[in-house]
Amino acid sequence: MTGRTAQQTRSHEHGHGDAFPEATAQLAAYFAGRLTRFDLRLGADGTGFQRRVWQAADAIPYGTTTTYGTLGAQLGVARADTPAVGAALGANPLLIVRPCHRVIGADGSMRGYAGGVRRKVRLLAHEGALQPTLV
């Protein structure tokens with residue numbers, strides 16, 4: 001294997017290597033500032049709880065943020081179980097498209113993001129939810 005991840009290899013083996021022109025077009029429109037909500041058919045991989053959390057993340061509007069605790073409360077998750085919400089978001093295989101980057105700490109801190117906290121900050125700045133930094 002020359003640098004491909006297992007997921008990329010599986011996609012290639014099933015003939016889906018370059019079969020995502022709509023996703024590519026929507027991502028390009030998002031980064032050009034012309035798209036604020038993705039309209040893609042998403043797979044249902046994940047546990048029932050993960051799918052509920054991901055669906056709640058999908059509903060967070062462009063340019064806004066919410067907290068892990070608020071998202072958990074919307075889902076009826078006990079406050080003590082809020083870390084499970086973060087774990088479900090961390091298992092999201094569709095970064096950017098499923099906007100888990102819009103979930104932040106209650107104190108406004110940038111908690112973990114599977115794509116890296118720096119990317120999370122850049123995505124939120126791109127959406128206008130954070131002021132861009134000059135550094």
Side-chain angles (χ1 to χ4, degrees):
M1 249 186 207
T2 57
R4 282 197 259 170
T5 67
Q7 191 170 29
Q8 289 170 325
T9 302
R10 282 193 304 273
S11 293
H12 177 71
E13 290 170 357
H14 293 291
H16 302 294
D18 291 322
F20 301 103
E22 185 60 27
T24 301
Q26 288 188 35
L27 282 164
Y30 169 83
F31 284 112
R34 297 186 314 267
L35 183 79
T36 60
R37 183 162 181 86
F38 291 94
D39 183 20
L40 297 168
R41 187 170 168 215
L42 305 177
D45 290 348
T47 68
F49 179 73
Q50 288 172 333
R51 289 191 307 269
R52 285 182 48 225
V53 172
W54 297 343
Q55 186 175 29
D58 288 341
I60 303 167
Y62 180 95
T64 67
T65 60
T66 192
T67 67
Y68 294 94
T70 299
L71 196 62
Q74 289 172 355
L75 295 167
V77 173
R79 187 170 178 81
D81 294 329
T82 299
V85 173
L89 290 170
N92 168 22
L94 301 170
L95 302 181
I96 303 172
V97 172
R98 180 169 288 132
C100 58
H101 59 277
R102 296 178 187 154
V103 184
I104 63 174
D107 61 358
S109 62
M110 299 297 118
R111 305 276 182 199
Y113 177 62
V117 172
R118 285 181 53 192
R119 283 192 182 101
K120 181 175 188 163
V121 169
R122 288 173 47 199
L123 290 168
L124 291 173
H126 169 74
E127 293 183 6
L130 291 178
Q131 292 297 315
T133 60
L134 298 176
V135 179

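Along the sequence shown, residues carry numbers from 1. Not measured: the values here are computed from a predicted model. Hydrogens, waters and symmetry mates play no part in the numbers below; they use all other heavy atoms, side chains included.
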With rounding to the nearest 0.5 angstrom, report the CG to OG1 distance, Leu75 to Thr70. 11.0 Å

Looking only at heavy atoms, what is the nearest atom pair of Thr64 and Ala129, with distance? N-CB, 4.2 Å

Straight-line distance of Ile60 CD1 to Thr66 OG1, nearest 0.5 Å: 5.5 Å

With sequence neighbours left out, the residues meeting salt bridge (Lys or Arg N to Asp or Glu O under 4.0 Å) with Arg111 are Asp107

Would you check, one step at a time, whether the test side chain to side chain contact (heavy atoms under 4.5 Å, CB included) holds for Glu22 with Phe38? CA-CA 10 Å; Glu22 185 60 27; Phe38 291 94; over 6 Å; no

Residue set satisfying salt bridge (Lys or Arg N to Asp or Glu O under 4.0 Å) with Arg98, at least two apart, ordered chain then number -> Asp58

Is Leu124 close to Met110 at the side-chain level, that is, under 4.5 Å between some pair of heavy atoms? yes

Within 6.0 Å of CD in Gln74, more than 12 heavy atoms from elsewhere: yes

Any Val77 side-chain heavy atom under 4.5 Å of Phe49 side chain: yes

Residues in ring-ring contact (aromatic ring centres under 6.0 Å, His included) contact with Phe31, at least two apart in sequence or another chain: His126

State whether the side chain of Trp54 and the backbone N or O of Ala91 hold a donor-acceptor pair below 3.5 Å, judged by distance alone. no

Please name the pair of heavy atoms, one in Leu89 and one in Leu71, separated by the smallest distance, quoted to 0.1 Å. CD1-CD2, 4.1 Å

Using the six-membered ring wherever Trp is involved, compare the ring planes of His101 and Tyr113 and label them parallel, tilted or perpendicular (cut-offs 30° and 60°). perpendicular

So, the side chain of Lys120 versus the backbone of Cys100: is there a donor-acceptor pair under 3.5 Å, distance only? no

Is any side-chain heavy atom of Phe20 closer than 4.5 Å to a side-chain heavy atom of Gln26? no

Of all the heavy-atom pairs spanning Ala114 and Gly90, show the shortest one and how long it is. CB-O, 4.0 Å

Closest non-hydrogen atoms of Tyr62 and Leu35, given as atom of the first, atom of the second and distance, are CE1-O, 4.0 Å

Nearest heavy-atom contact between Val97 and Leu42 is CG1-CD2, 3.9 Å

